[in-house]
Chemist: 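If you scroll down you'll find the structure; I have some questions about it.
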Amino acid sequence: MTSTKLLDTISSLEELARSAPQELHDQDGLRKRLLDAVQKLVPEIETPAEMSQRLLYLPCEIMGAKIGVDLDIFNVLSASDRPLSTEELAQNCGAESALLLRLLKYMSSVRLIKESDTGLWVPSNMTRNLASRHSAAGVNHVHDSVMPAYHALPSWLNRRGYKTPTAKTDTPFAQGHGASPDQSFFSWLQVHPYNATEFNIFMGVHRTGMKTWLDQGKIHGSLCKAHEAGGDENGAMFVDVGGGIGQQCKALRARYPELKGRIILQDLPQVIQKADVGDDIEAMSMDFFEGQPIKSATVYYLRSILRDWPDAQCRTILGHIRDAMAAHSLIFIDELVLPDRGAHKVETQLDMTMLSMLNGEARTESHWRRLLEESGLKVQDIVSYQNAGSEAVIVAKGK
Ligand SMILES: C[S@@+](CC[C@H](N)C(=O)[O-])C[C@H]1O[C@@H](n2cnc3c(N)ncnc32)[C@H](O)[C@@H]1O
């Protein structure tokens with residue numbers, strides 16, 4: 001590339017950074033290409049000192065976001081139709097102005113907010129993205145529950161000789177939180193209700209705006225065909241195993257109101273207590289390690305469940321479902337299916353998070369096939385639904 005061309009490219013990027021045109025927001029493919037290029041370029045051109053500034057201070061960003069959430073800065077700035085001064089924000093959140101100014105300067109330097117003039121603050125794209133209850137829940141969950149587990153992972157792995165964990169307890173999470181080794185993340189949530197609330201909200205909506213399994217006509221087709229084959233249109237149609245507070249059950253009812261048949265939400269008792277579903281969805285407390293009480297359902301749906309556990313525990317969960325299945329039953333496993341080469345950061349950072357929190361794993365396609373085979377199941381189809389990362393529904397049947 002010639003110097004002139006390079007200069008032109010830099011000027012164009014500077015212009016985009018000042019104000020991204022609407023076309024870029026409207027054309028998702030173009031937007032993603034640009035994002036990917038910029039993210040890949042930065043580590044390739046930085047000096048060691050610049051790399052240190054970017055990498056070593058990365059945790060400051062989540063810390064800044066957490067302070068912004070705690071002080072309600074993102075909501076207040078997003079709701080305002082004019083720039084707000086440091087003093088106005090200080091009055092609103094009760095912080096001392098001099099300290100708040102330092103915090104706001106940091107937030108602005110990493111684009112969490114923008115400084116429109118000296119001491120005057122306006123929302124950035126990040127501010128608006130953070131101005132919602134579910135974004136706040138995501139920040140609270142990662143800052144308060146996940147970060148101590150990330151911090152513990154390197155020493156935890158070192159002490160265990162860098163081997164894949166096989167137990168469902170004794171996790172980096174427990175070490176990081178100074179909890180008893182036999183306490184898993186989920187049992188810890190039972191005695192930390194604030195963290196449980198933030199986690200459940202985050203889980204329920206963290207993919208808002210992204211495509212889901214319900215956007216895949218092929219999946220809907222498999223469900224209808226299998227339900228018809230079951231021969232009882234009012235029988236158990238959909239069992240959401242570990243379905244949290246019921247977002248997917250509700251989404252299925254709303255998307256396909258004409259589908260008859262029972263929709264059943266299953267989770268631990270303390271989560272079911274908080275379930276937010278109407279009368280047309282049954283909420284059931286259960287422990288998926290103990291058995292599957294609903295027999296012969298059309299679909300057993302597991303979204304983001306198996307990633308939470310090592311292989312042996314997944315075989316137990318799947319084995320109970322397999323034993324409950326009838327000939328027409330299917331399992332829909334809604335998960336990331338990692339490629340063998342060139343996995344995206346969305347996939348690998350999830351893998352690191354599962355390892356740190358639960359001794360769990362984000363699996364590759366060959367790993368999924370092996371796990372299902374070992375659980376007495378066979379893969380009928382893998383239907384991708386195209387977001388960043390390889391999200392897909394693995395459709396499995398009994399052998
Ligand atoms: C990562 S969340 C996924 C929630 C939901 N499927 C979704 O995609 O939003 C894992 C869920 O598994 C539930 N869970 C954990 N251990 C369980 C168990 N032994 N039996 C039943 N549910 C369990 C948790 O309470 C939580 O709701």
Side-chain angles (χ1 to χ4, degrees), residues 134 137-138 141-142 145-146 149 167-169 171 173 182-193 195-214 219 238-252 263-277 281-294 299-310 312-321 324 331-336 349-351 353-363 385 387 389 391-394:
H134 69 257
H141 167 63
V142 171
S145 301
V146 181
K168 65 176 179 174
T169 51
T171 54
F173 170 83
D182 54 359
Q183 201 165 36
S184 73
F185 168 57
F186 293 112
S187 59
W188 181 86
L189 287 182
Q190 288 181 34
V191 285
H192 291 84
N195 302 69
T197 301
E198 299 310 291
F199 172 68
N200 287 328
I201 294 176
F202 177 53
M203 275 297 110
V205 288
H206 75 294
R207 298 183 206 176
T208 302
M210 295 168 81
K211 287 190 178 151
T212 78
W213 66 290
L214 288 168
I219 293 293
F238 182 79
V239 183
D240 193 352
V241 185
I245 52 177
Q247 301 292 335
Q248 296 312 303
C249 292
K250 286 201 302 189
L252 175 65
I263 296 186
I264 300 142
L265 168 69
Q266 298 180 327
D267 210 293
L268 292 167
Q270 63 275 12
V271 179
I272 289 297
Q273 272 168 22
K274 299 199 183 100
D276 169 29
V277 289
I281 293 167
E282 300 166 45
M284 171 188 274
S285 298
M286 60 88 85
D287 180 338
F288 50 49
F289 289 114
E290 299 301 320
Q292 176 47 255
I294 302 292
V299 164
Y300 296 90
Y301 174 75
L302 295 96
R303 186 177 86 154
S304 311
I305 297 298
L306 300 176
R307 64 178 59 170
D308 291 347
W309 309 100
Q313 286 71 25
C314 291
R315 285 193 291 269
T316 305
I317 299 170
L318 289 169
H320 288 312
I321 299 175
I331 304 185
F332 286 177
I333 299 171
D334 189 346
E335 278 283 358
L336 288 180
Q349 66 195 10
L350 177 86
D351 189 35
T353 307
M354 294 301 108
L355 179 61
S356 308
M357 296 294 282
L358 287 144
N359 291 353
E361 182 163 2
R363 295 175 171 88
Y385 53 84
N387 287 313
E391 280 168 300
V393 176
I394 305 167

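For clarity, every value in this text was computed on a predicted model and none was experimentally measured. As the structure lists them, so they are numbered: ligands from 1, and atoms in each ligand from 1.
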Chemist: Hey, does Phe288 have a side-chain heavy atom less than 4.5 Å from the side chain of Tyr300?
Modeler: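 With C-beta onward as the side chain, the pair stays apart.
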Chemist: Under the 3.5 angstrom rule, does the side chain of Arg363 hit a backbone N or O of Leu306 as a donor-acceptor pair?
Modeler: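 Here the side-chain-to-backbone pair exists.
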Chemist: Report yes or no: does Asp240 contribute a side-chain atom to a donor-acceptor pair with the main-chain N or O of Leu265 at less than 3.5 Å?
Modeler: no
Chemist: Please identify which atoms of ligand 1 are closer than 4.0 Å to at least one heavy atom of Val271.
Modeler: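 Every atom of ligand 1 under 4.0 Å from some heavy atom of Val271: 25 (O).
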Chemist: Applying a 4.0 Å heavy-atom criterion (strictly less than), which segment of Asp308 is in contact with ligand 1: side chain, backbone, both, or neither?
Modeler: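 Under 4.0 Å from ligand 1, Asp308 contributes side-chain atoms alone.
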Chemist: Provide the number and element of each atom of ligand 1 under 4.0 Å from a heavy atom of Met286.
Modeler: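 In order of numbering, the contacting atoms are 20 (N), 21 (C).
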Chemist: Is it the case that the side chain of Asn359 and the backbone of Thr169 share a donor-acceptor pair, with hydrogens and angles ignored and the cut-off at 3.5 Å?
Modeler: yes
Chemist: Nearest to atom 22 (N) of ligand 1 by heavy atom, Phe186, Tyr301, Phe289, Phe288: which?
Modeler: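 Checking each option, the heavy atom nearest atom 22 (N) of ligand 1 is found in Phe288.
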Chemist: Would you call Glu361 and Arg307 a salt bridge, using N to O less than 4.0 angstrom?
Modeler: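 Looking at Arg307 together with Glu361, the answer is no, because their closest N to O distance does not fall below 4.0 Å.
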Chemist: What residue among Asp334, Val239, Ile317 forms side-chain contact (heavy atoms from CB on, under 4.5 Å) with Leu302?
Modeler: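 Only one option passes, and that is Ile317.
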Chemist: Is it the case that the side chain of His134 and the backbone of Ile201 share a donor-acceptor pair, with hydrogens and angles ignored and the cut-off at 3.5 Å?
Modeler: no
Chemist: Heavy-atom contact under 4.0 Å between Trp309 and ligand 1?
Modeler: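 Under 4.0 Å: yes for Trp309.
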Chemist: Asp267 to ligand 1: N or O pair under 3.5 Å?
Modeler: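 Yes, there is a polar N/O contact under 3.5 Å.
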Chemist: Does Val241 approach ligand 1 within less than 4.0 angstrom via side chain, backbone, both or neither, non-hydrogen atoms only?
Modeler: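 Val241 to ligand 1: no contact under 4.0 Å from either part.
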Chemist: Does an N or O anywhere in Asp287 fall below 3.5 Å from an N or O of ligand 1?
Modeler: yes
Chemist: Could you list which atoms of ligand 1 come closer than 4.0 Å to a heavy atom of Gly244?
Modeler: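 What qualifies from ligand 1 is 27 (O).
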